[in-house]
Amino acid sequence: MPELVRLTQHGDVAVITIDNPPVNALSPGVPEGIDAAVSEAAADARVRAIVVIGAGSTFIAGADIREFGKIVAGERPKLTLLPYLLTIEDSPKPVVMAIHGQALGGGLEVAMAGHYRVLAPKAQVGQPEVKLGIIPGAAGTQRLPRLAGVVKALEMCAEGNPIGALEAMSLGIADKLIEGDLLEGAVEFAHTVADKPAPKTRERNEKLKGVPAAVFQVAREQARRKARGMRAPLAAIDAIEAATQLDFFAGCEEEARLFNECLFSTEAQAMIHVFFGERAVAKIPGLPKDVKPIEIRRAAVIGAGTMGGGIAMNYANAGIPVIVKETTQEALDRGIGIIRGNYAKTVAKGKLSQEALDQRMALMTPQLTYDGFEQADIITEAVFENMAVKKQIFAELDEIAKPDAILASNTSTLDIDEIAAATSRPATVIGTHFFSPANVMKLLEVVRGKASSPQAIATAMGLGKKLGKVAVLAGNCHGFIGNRMVAPYFREAYFLLEEGASVEAVNRALYDFGMAMGPLAVDDLAGLDIGWAIRKERAAYAKPGVRVPLVADRLCEQGRFGQKSGRGWSKYDESRKASADPETAALIETVARAAGMKRRSISSEELVDRCVYALINEGARVLADGIALRAVDIDITYIYGYGFPAWRGGPMFYADTVGLPKVLARIEEFKKTHGADLWEPAPLLKRLVAEGKRFKDLDQQKEGRG
Ligand code: T1G
C-alpha cells in the first residue's frame, strides 16, 4: 500500500507530505494519515512547527468524489473529516499549509484548519462543491467566512469558482505568497511563527459580526437566477448564514445537516455523474494508446460567418495562429468586424484586457485566398450546409493541404463519409461540430467517418481540450448524436402547438423543467430557416402518410425566421425581447383546423414528457446504433450543447432517475395515441426494462464494471 502521507524532518520543522496521485484527493487513509502525522509531530519535542504540503502537481483537490459515487450504488460513504481537522487546529505547534496547484473543497477546508496558509503564485483555492450538487461538508461554510468575510464566502460557496493566490492574499485566506521553492519558503515562514500562539480559524469571529440580512437575500436571488432549479447553492447560503447566527460547532452541525440533505439528492447524483462523465467521454475505447495526435501549431478556417468567426476565435483564444478565408472582401470584413466586436464586448465587461484583444486579433490572418493553407496542421470548413459546396472545398483542400493535415468539417448534419470521398485522403477527414456561439458553447461534437484514422480522432478529441471544450466522439449518421436526437424533440414541440398548446406554454414548460431555453425560443434564436432547409433536404426521406409538422414551414414561407427577422414563433423588439405573437397563434389555429385537428388543453407534464421522452427514445436508438459510445456521451452532449440541465444529469441519466419502466410505459401510451411511426419504443429501451437494467448499467458494463 503506497504511503499516502509521509512525515519528514526539516531541522526543527516537521513536514507532512500528502501523496495520493493524481490530485491528492482525501481518499480513505489520507485524512487518517494527516491526523496521525500531526499528532506525532505535535508530540515530538524537537519539532517547533509543522508544514503540510502536497506531492505532485497540486495541494488537495478535495474529498474523494468516487466515495460519493458509491452512494448511487447504495453504499454509505465514510465522510466525516471534521475530527481530523480539529487535530490540526488544536495542534500545540503552528501548522503552516503550503499550497500549490489547487486547494479545492475538502482541500481548502484542510488548509483553513491550519493556522497559516502560504501560496505559490499560481495556486488556486475554492469550494466547488455546488458543482457536484453538494455543499462544503468539513466546516468550509464555517471557517471560510471567518477568513474571507461573509460576502466573498457566499460567492465562493454558492457559485463554486476558485480564486487565485493574489485575491486569496487580499481577502485574508492566505498569509504569504512564496516565489521560488514552495517547501523552502514554507519552512522559512514556519520558523517565523514558531513558538508563537497559533491563531485558530474557528475563533476568528470578527468578520461574522453585523452582517445585514439583505446580504443573504441578495445571495439567494442571485443563486436562483444563476443556478435555476438547483438546491445546493441555496443550502450553502443557509449554512453560511448559520455561521453568523450560531457558534462554530453548532454551525458545523447545521452544515452537516444541509450537506447530507444535498448528498442524498438526485441533484447531487446527477452532478457527480456529469463530473465523471466529462472525464469519461475523453476516453475512446479501442483507440490505440500509442496513437500520436498531430500537434496543432497553425490552423485555418474557411468561412467567416457566425460559425467560422466563432471557431477562429477559439483558435486565437488558445494562442494558435489562424487564417480566416472568405469568398468576398465584404463578407470577410463583416466577419472580422463581428469577431473584433465580440472581443470588444468582453473587454468592456472587464473580462479581457485590450492587450489580449490586440494579441488575439493579431493571431488572425483574414484573406480571400488559400495562401498559407499548406502550413496549417488543421483546416476547418465552416460554410453553409450544402453538400456540393462542401465537397468542392474538400477537393480543393486535397490539392493544397500538407499530407498529415487534419481536414475538419463543421457540418451539423451532413454525411462525413461523402465529404471525405471528395478527397484522396479520407483518413484525415473528420467532423468537428461546434455549437453556436462557437466561442462560448462548451461542446465539440467530433464525428468519425468510416475512414477517419485513429490519429485524426485523437487530434480532434485533443483539440477539444486545447480549446477549452468538452469533446464527445460521435458516429456518422444524419445529425450525429445531438441533432439526430433533437429532431423528434422539436417535432413534438411543433405537434403540441397544433394540438392546442400555446407557444408560451411549450417554452415555459421546458424552461421550468430546467432547459436553458424553451424549444421554440431556441428555434427563434438559431433561425427557423435552418430547420426549414434541413426539412426540405430530408423531405425525400420522409415516409409517406406519417404526420409531419405543418406550421413551421408556413412561418418560414412568410419570412418569419425568428429573432433575425423580428418575428418567428414569438415577436421580438429591438432589444430582442420576446412577446406573444397573436398572428402566430392565429396561424397555428387556422392550420390545425384546416388539418382537421381537435385542439385541447394540454398539461405542462405532457408538454415536457412528449418532448423529453422523444429525445430519450431517439437517444436509445443512437446508443444502440453505436453513434454514441455510452449513454453518458449523450448526457454530456445535451448538457454542454443543448442546454439540458446538469442537475438532471442529461436525458439518459434523467430517464434512469424517472425509472425506465415508467418512461417506457409513457412512450407506449403516446404510441397508442400518436402511432408507432412516431412513438415506437426503442428496442434497447424495451430490452433494458425487460432486464431490469438502467442506461448507467449499460455504461458500467461497457467499462467492464457491470
Ligand atoms: N476525487 C476523486 N477523483 C478526482 C477528484 C476528486 N476530488 N478530482 C479529480 N479526480 C480525478 C479525475 O476524475 C481524473 O480521473 C483525475 O483525477 C484527473 O482529474 C468534504 C465534500 C483538481 C482541477 O470538486 O476540479 O471536497 O479521469 O482530469 O483537468 O467539503 O480534477 O484520470 O480517471 O480533472 O488537471 C471538491 C474536483 C470535492 C474538485 C484537476 N473538489 N476536481 O483538473 O484533471 S467535494 C472538487 C477538479 C469535497 C468537502 C467536499 C479537477 C482539478 P481520471 P482531471 P485536471
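Values below: all heavy atoms of this structure, side chains included; hydrogens, waters and symmetry mates excluded. We count ligands from 1, going down the list as the structure has it; atoms in each ligand are counted the same way.
- Note on Lys131 versus Glu159: no salt bridge recorded, every NZ/NE/NH1/NH2 to OD/OE distance being 4.0 Å or above.
- The closest non-hydrogen atom to atom 38 (C) of ligand 1, taken over Leu132, Thr141, Leu263, comes from Leu132.
- Under the 3.5 Å distance criterion, the side-chain polar atoms of Thr459 are matched with a main-chain donor or acceptor of Ile294.
- Taking every heavy atom of Val23 and a limit of under 4.0 angstrom, the matching atoms of ligand 1 come to 4 (C), 5 (C), 8 (N), 9 (C), 10 (N).
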Pair up each side-chain donor or acceptor in residues 276-288 with any protein partner under 3.5 Å, not counting sequence neighbours, and list the distances.
| from | atom 1 | to | atom 2 | distance (Å) |
| --- | --- | --- | --- | --- |
| Glu278 | OE1 | Tyr640 | OH | 2.5 |
| Arg279 | NH1 | Phe275 | O | 2.8 |

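- Residue pairs meeting the side chain to side chain donor-acceptor pair (under 3.5 Å) criterion with at least one partner in residues 97-118, sequence neighbours excluded, are Thr58-Gln102.
- Annotation for ligand 1: atoms under 4.0 Å from non-hydrogen atoms of Ala61 are 7 (N), 22 (C), 36 (C), 39 (C), 41 (N), 46 (C).
- The side chain of Lys283, and not its backbone, has at least one atom closer than 4.0 Å to an atom of ligand 1 (non-hydrogen atoms only; side chain from C-beta on).
- Below 4.0 Å from some heavy atom of Pro136 lie the following atoms of ligand 1, by number and element: 30 (O).
- In summary, the atoms of ligand 1 found under 4.0 Å from a heavy atom of Phe276, numbered by their order in the structure, are 13 (O).
- Between Val96 and Ala186, the shortest heavy-atom contact is CG1-O, 4.4 Å.
- Close contacts of ligand 1 with Pro22, meaning ligand atoms under 4.0 Å from a residue heavy atom, involve 16 (C), 17 (O).
- The atoms of ligand 1 that sit less than 4.0 Å from any heavy atom of Leu81 are 20 (C).
- Checking Ile457, Ile378, Leu463 one by one against Ile430, the side chain to side chain contact (heavy atoms under 4.5 Å, CB included) holds for a single residue, Ile457.
- Shown in contact with Gly137 at under 4.0 Å from a heavy atom are these atoms of ligand 1, numbered in order with element: 30 (O), 49 (C).
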side-chain hydrogen bond (donor to acceptor under 3.5 Å, both in side chains) between Thr380 and Asn410, intermediate numbers included: CA-CA 7 Å; Thr380 305; Asn410 181 56; over 6 Å; no

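- In terms of heavy-atom proximity, Ala223 sits nearest to Ile237 at CB-CD1, 3.9 Å.
- For the residues Glu67, Lys465, Arg279, Arg66, the heavy atom positioned nearest atom 19 (O) of ligand 1 is part of Arg279.
- Under 4.0 Å from ligand 1, the heavy atoms of Ile134 that appear belong solely to its side chain.
- Taking only non-hydrogen atoms, the option from Ala63, Gly101, Gly106 nearest to atom 6 (C) of ligand 1 is Ala63.
- Within the listing of ligand 1, atoms 26 (O) sit less than 4.0 angstrom from a heavy atom of Gly62.
- At a heavy-atom distance under 4.0 Å, only side-chain atoms of Glu109, from C-beta outward, approach ligand 1.
- Using a 4.0 Å cut-off between heavy atoms, Asp64 contacts ligand 1 through both its backbone and its side chain.
- Note: Phe435 and His433 have tilted aromatic rings, judged against thresholds of 30 and 60 degrees for the angle between ring planes.
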Apply the test side chain to side chain contact (heavy atoms under 4.5 Å, CB included) to residues Phe259 and Thr141: give CA-CA distance (whole Å), side-chain angles for both, the deciding distance (0.1 Å), then the verdict. CA-CA 10 Å; Phe259 176 79; Thr141 63; over 6 Å; no

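- In terms of N/O distances under 3.5 Å, ligand 1 is approached by Ile65.
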